[in-house]
Protein chains: 2
Amino acid sequence: MPTRPTHERNKGLALDRSLIARLPLFKGLTAAELDEMLRGARSVRYPKQSAVFEQEAEAHSFFVLLDGHIRVVRTTPEGHQVIVRYISEGEIFGVAAALGRTTYPASAIAAVDCVALVWPNALWSELSLRFPSFGANTYKTVGSRLQETHTRVVELSTEQVEQRVAHALLRLVNQTGQKTDQGIEIDFPISRQDIAEMTGTTLHTVSRLLSAWEERGLIVSGRQKVTVKDPHALVVLAEHRDRR
Amino acid sequence: MPTRPTHERNKGLALDRSLIARLPLFKGLTAAELDEMLRGARSVRYPKQSAVFEQEAEAHSFFVLLDGHIRVVRTTPEGHQVIVRYISEGEIFGVAAALGRTTYPASAIAAVDCVALVWPNALWSELSLRFPSFGANTYKTVGSRLQETHTRVVELSTEQVEQRVAHALLRLVNQTGQKTDQGIEIDFPISRQDIAEMTGTTLHTVSRLLSAWEERGLIVSGRQKVTVKDPHALVVLAEHRDRR
DNA sequence: GCAGGAATTTGCGCTGGCGCAAACTGGCTG
DNA sequence: CAGCCAGTTTGCGCCAGCGCAAATTCCTGC
């Protein structure tokens, strides 16, 4: 059950720099600089299924995910949902304001219980000027997201559903895969519906595909859970030229 | 016939700041600062159908389009082409390096004879530091392209072909429409195939749709030419909820 | 003015994947 | 521990849009 987002503020305690020192985003900053970055932040817990921010809402903050997984979702006026991406540990997100927007273009939903650092947007220009490598890293992240999104456009334009779903699974596994005795498992709850919303198809079709793949021993899956047993076979499927 | 790209260098003459003073990208810069920006640039002419840069090639420069229209195209290993976007007058493009890439992720092809300013990438960090508003404007551009691309993902995921083509036409008309006595014309040559590559369908389907729309008086079209007579009707088509 | 070729149109048959509907399952709640 | 419900599976029929093919039109270069 989605309990209400409990914005438990860090109660006056200084955040420890070890929280972020290991993140590539902050590479090159000295201990003192990390402390300075953290001085502007607070740490917030987001229970599973709660919204970190909502589409169209005033963009007041940007975020760095310390723990958990976040689903970024765009909803159309007609009520269709499309999953824009998943955010994993260590990534920056909600940077709308740094890109000249005043509202968030999508919603961010905690896929599991999450912890994030939150900075008010007012600090963005100050921080990115004071720590140019932080600014540059953020823009690089934006750049690679643009590339990924273009890749998705290409996939949606040229591939069959089966290839798209295979690609999506492989991407999730590479991004967040946890080794288990069965194979590599996507380490957050993900439904057939979610996969459908990532690939532009329906949960029915995803269900049929996963069933067929399970039959053939490529994966094992359960409720909101997918484990890839034979990634190579999936790659073959994903790359398999269609007849267009 | 695509003649060879003729990189006619500006022969030692200083570029006039009036070339770029009116562009939003350079808003806020003084006359002296504009001159300084231009000192690092050269002006190059690209004949129709020539490549400004090629996908996978080493990213050596970034560009500002002074005149013409440029088609940005991604080609898949299987040989499918997807049009990523059209660049119009005044826009910056080829900023791969500023986003941490060493190669161009797509090709840029002159849709008509074009003129662009070209800066070596080596100057990027210097220029964006010296003229922060220029850097910020560029990143805003990247941000809005990311949003547009997400919108395209949503369209590809949730809309029927007819809606997608209608949306694409409306976007082209808004971006580059020229008023004529017939209606609003897309002011560069665009084929059915091009429209198909923008919307993830085939030239046959696009042809059928345009024929039907012409029949109904919404557009008039010819070879590589589309004129929208009734934008409102197209909007209705584009927004028309499908049955999903 | 004519030949050649690129762009477009149109017909036809087929099918991938969707919509709809119903049944089933596993985990959580009271 | 019974019941409920979200998530999943599966069958069935249909159709939007693709592949293929052929005809036609318009533009360009000679």
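Here the structure is a predicted model, which means the values were calculated and not measured. In what follows, every chain begins at residue 1, and chains take the letters A, B, ... in the order their sequences are listed.
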Base of C:dG16 paired with side chain of A:R164 (donor-acceptor, under 3.5 Å): no
Looking for any heavy atom pair under 4.0 Å, which part of the strands does B:S207 touch: base, sugar-phosphate only, or nothing? base
Atom CD1 of B:I195 and atom P of D:dG17: how far apart are they, to the nearest Å? 16 Å
Counting just side-chain N and O atoms, does A:R192 come under 4.0 Å of either OP1 or OP2 of D:dT9? yes
Between P of D:dG17 and CG of B:L156, the distance in whole Å: 13 Å
May I ask you to evaluate whether A:T201 reaches the phosphate of C:dG17, defined as a side-chain N or O under 4.0 Å from OP1 or OP2? no
Do the charged groups of A:E91 and A:R145 touch, with an N to O distance under 4.0 Å? yes
Does a nitrogen or oxygen in the side chain of B:S211 sit under 4.0 Å from OP1 or OP2 of C:dT8? no
Compare side-chain N and O positions of B:T205 against OP1 and OP2 of D:dG17 and report whether any pair is under 4.0 Å apart. no
Is a donor from one side chain sitting under 3.5 angstrom from an acceptor on the other, for A:R74 and A:T76? no
Please determine whether a side-chain nitrogen of the Lys or Arg among B:R171 and B:E155 lies less than 4.0 Å from a carboxylate oxygen of the Asp or Glu. yes
Looking for any heavy atom pair under 4.0 Å, which part of the strands does B:Q224 touch: base, sugar-phosphate only, or nothing? sugar-phosphate
Verify the distance criterion only: is there a donor paired with an acceptor across the side chains of B:T75 and B:Q81 at less than 3.5 Å? yes
Could you check how far CD1 of A:I190 sits from C1' of D:dG7, rounded to whole Å? 14 Å
Between C:dC12 (P) and B:H204 (NE2): distance, integer Å: 16 Å
Which sits closer to the 5' end of DNA chain D, A:L210 or A:R223, going by the nucleotide each is nearest to? A:R223
In whole angstroms, how far is the C1' atom of C:dG11 from the CG atom of B:L203? 15 Å
A:Q178 and its side-chain contact (heavy atoms from CB on, under 4.5 Å) partner, picked from A:D187, A:V173, A:I184: A:D187
Please state how far atom CD in A:Q160 lies from atom P in D:dC18, giving the value in whole angstrom units. 11 Å
OP1, OP2 of D:dT8 versus side-chain N and O of A:Q193: anything below 4.0 Å? no
Length of the line joining B:E162:CD and D:dC18:C1', which is rounded to integer Å: 16 Å
Integer-rounded Å distance: C:dG17 C1' and A:Q163 CD: 13 Å
Distance-only donor-acceptor test, A:R208 side-chain atoms vs D:dG11 base atoms, 3.5 Å: yes
